[in-house]
Amino acid sequence: MIELDAFKRLVEENDDRLPLLTLDEFFEGNTAEDSIAPNDCDFGRPSLAEIWELMRNLEKMPSVAWIRIELHNDTEIAEYDGKEVLMLAGESPIICTSLSAQELETLARCEWLHSGGAEEWDASSADALCSCRPPVPEGFKCFAIVWD
């Protein structure tokens with residue numbers, strides 16, 4: 001999981017916009033099962049480890065340029081026992097791909113994820129809300145895997 005100081009620096013350097021996190025920055029060491037799709041985590045949604053493995057495998061495909069985790073505005077830095085702790089709240093995996101939405105939904109196993117599917121994500125409009133977006137190659141577009 002991204003370290004607190006690195007997270008603070010990214011937010012500060014990017015006018016308080018939340019960064020899109022790499023898969024490792026979001027999942028590695030993250031044990032908070034409700035940090036993504038919290039309404040579904042006790043109702044059949046796969047574990048964080050299983051979601052991470054699926055996303056890593058997708059990211060290796062030639063038809064996928066990159067995958068990032070969009071953060072929900074509930075992401076916060078909380079204080080516990082006098083120590084600051086980063087509490088990540090993931091909104092959606094954002095997948096930059098040359099696949100169609102239907103192809104992506106199949107490969108991303110949206111039904112298994114208990115997801116509502118893949119919705120096109122307007123990368124240029126999202127830049128006003130989030131930072132650290134890699135470039136979108138020609139012929140590719142971005143989709144969000146959504147739960148709500």
Side-chain angles (χ1 to χ4, degrees), residues 1-42 45-99 104-105 107-110 112-148:
M1 195 165 85
I2 189 168
E3 292 183 6
L4 176 61
D5 289 339
F7 180 82
K8 283 180 171 180
R9 187 175 57 254
L10 283 174
V11 171
E12 184 178 309
E13 290 171 355
N14 290 286
D15 301 321
D16 293 327
R17 292 177 297 148
L18 292 173
L20 292 176
L21 297 182
T22 66
L23 296 176
D24 288 347
E25 287 172 332
F26 184 82
F27 288 105
E28 188 171 12
N30 184 352
T31 59
E33 285 293 331
D34 64 349
S35 63
I36 195 162
N39 297 338
D40 295 298
C41 73
D42 291 328
R45 191 215 73 203
S47 69
L48 283 179
E50 292 170 308
I51 296 170
W52 186 19
E53 181 180 4
L54 172 66
M55 293 298 140
R56 280 192 307 219
N57 289 332
L58 277 174
E59 196 170 40
K60 293 175 186 173
M61 297 177 66
S63 56
V64 174
W66 49 263
I67 300 176
R68 296 295 186 271
I69 302 298
E70 177 185 21
L71 296 176
H72 190 277
N73 59 10
D74 284 345
T75 295
E76 66 177 342
I77 298 169
E79 190 170 313
Y80 289 100
D81 295 327
K83 183 179 176 184
E84 288 184 321
V85 177
L86 178 59
M87 307 293 290
L88 292 178
E91 178 69 30
S92 300
I94 305 300
I95 302 173
C96 180
T97 183
S98 59
L99 297 168
L104 180 58
E105 286 177 354
L107 290 171
R109 301 180 64 194
C110 286
W112 176 72
L113 288 172
H114 290 245
S115 162
E119 293 182 0
E120 195 159 347
W121 189 79
D122 185 355
S124 58
S125 295
D127 286 342
L129 303 172
C130 53
S131 65
C132 303
R133 179 184 58 81
V136 177
E138 189 171 328
F140 283 64
K141 52 188 156 187
C142 297
F143 293 94
I145 303 297
V146 298
W147 276 275
D148 294 324

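The residues of the chain are indexed from 1 along the displayed sequence.
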Kindly list each side-chain donor-acceptor pair under 3.5 angstrom involving residues 20-27, sequence neighbours excluded, with atom names and distances?
unit_1: Thr22; atom_1: OG1; unit_2: Glu25; atom_2: N; d: 3.0
unit_1: Thr22; atom_1: OG1; unit_2: Glu25; atom_2: OE1; d: 3.4
unit_1: Glu25; atom_1: OE1; unit_2: Thr22; atom_2: N; d: 2.8

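- A donor-acceptor pair under 3.5 Å links the side-chain atoms of Thr75 to the main chain of Ala89, judged by distance alone.
- Remark: Leu86 CG to Asp5 CG distance equals 10.5 Å, nearest 0.5 Å.
- Counting heavy atoms from C-beta on, the side chains of Ile94 and Ile69 never come closer than 4.5 Å.
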Any chance you could lay out the side-chain contact (heavy atoms from CB on, under 4.5 Å) test for Glu59 and Arg68, step after step, and finish with the verdict? CA-CA 10 Å; Glu59 196 170 40; Arg68 296 295 186 271; 3.8 Å; yes
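- Note that the CZ atom of Arg56 and the CD1 atom of Ile51 stand 12.5 Å from one another [nearest 0.5 Å].
- Counting only heavy atoms from C-beta outward, the side chains of Val85 and Glu79 never approach each other to under 4.5 Å.
- Separation of atoms CE (Met1) and CD (Glu28) is listed at 11.0 Å; rounding is to 0.5 Å.
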Could you tabulate the donor-acceptor pairs under 3.5 Å formed by side-chain atoms of residues 127-134, not counting sequence neighbours?
unit_1: Asp127; atom_1: OD1; unit_2: Arg133; atom_2: NE; d: 2.8
unit_1: Asp127; atom_1: OD2; unit_2: Arg133; atom_2: NE; d: 3.4
unit_1: Asp127; atom_1: OD2; unit_2: Arg133; atom_2: NH2; d: 2.7

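- Here the CG atom belonging to Leu58 is positioned 11.0 Å from the CD atom belonging to Glu53, to the nearest 0.5 angstrom.
- Here CG of Leu18 is found 10.5 Å from CD of Glu91. Values are rounded to the nearest 0.5 Å.
- Minimum interatomic distance between Phe140 and Pro62 (heavy atoms only, all atoms of both residues): CZ-O, 4.2 Å.
- Remark: Glu12 CD is loosely packed, at most 12 non-hydrogen atoms of other residues, nucleotides or ligands lying under 6.0 Å away.
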Going through the checks in order, is the side-chain contact (heavy atoms from CB on, under 4.5 Å) test met by Ile36 and Arg45? CA-CA 10 Å; Ile36 195 162; Arg45 191 215 73 203; 4.1 Å; yes
Between Arg17 and Val11, does a side-chain contact (heavy atoms from CB on, under 4.5 Å) hold up when you go through it step by step? CA-CA 6 Å; Arg17 292 177 297 148; Val11 171; over 6 Å; no
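- The shortest side-chain heavy-atom distance between Trp112 and Leu54 falls under the 4.5 Å cut-off.
- Using a 4.5 Å heavy-atom threshold, the side chains of Cys142 and Trp66 count as touching.
- Side-chain atoms of Asn14 never come within 3.5 Å of backbone atoms of Asp16 as a donor-acceptor pair (strictly under, hydrogens ignored).
- Here the side chain of Glu105 pairs a donor or acceptor atom with the backbone of Ala118 at under 3.5 angstrom.
- Ser125 is linked by a side-chain hydrogen bond (donor to acceptor under 3.5 Å, both in side chains) to Asp122, counting only residues two or more places apart in sequence or in another chain.
- Between the CZ atom in Phe143 and the SG atom in Cys96 there is a gap of 10.0 Å [rounded to 0.5 Å].
- Scanning both residues, Ile145 and Ser115, for their nearest heavy atoms gives CG2-OG, 3.4 Å.
- Between Ile95 and Met55 the shortest side-chain heavy-atom distance falls below 4.5 Å.
- Under the 4.5 Å side-chain criterion, counting only non-hydrogen atoms from C-beta, Met87 is in contact with Glu76.
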Assess whether side-chain contact (heavy atoms from CB on, under 4.5 Å) is satisfied between Trp147 and Leu113, documenting all intermediate values. CA-CA 9 Å; Trp147 276 275; Leu113 288 172; 4.3 Å; yes
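- For the pair Thr97 (side chain) and Ser63 (backbone), a donor-acceptor distance under 3.5 Å is present.
- With Ser92 contributing its side chain and Ala144 its backbone, the two residues share no donor-acceptor pair below 3.5 Å.
- Using a 4.0 Å cut-off between a side-chain N of Lys or Arg and a carboxylate O of Asp or Glu, Glu50 and Arg109 do not qualify as a salt bridge.
- Not a single donor-acceptor pair under 3.5 Å links the side chain of Glu120 to the backbone N or O of Lys141.
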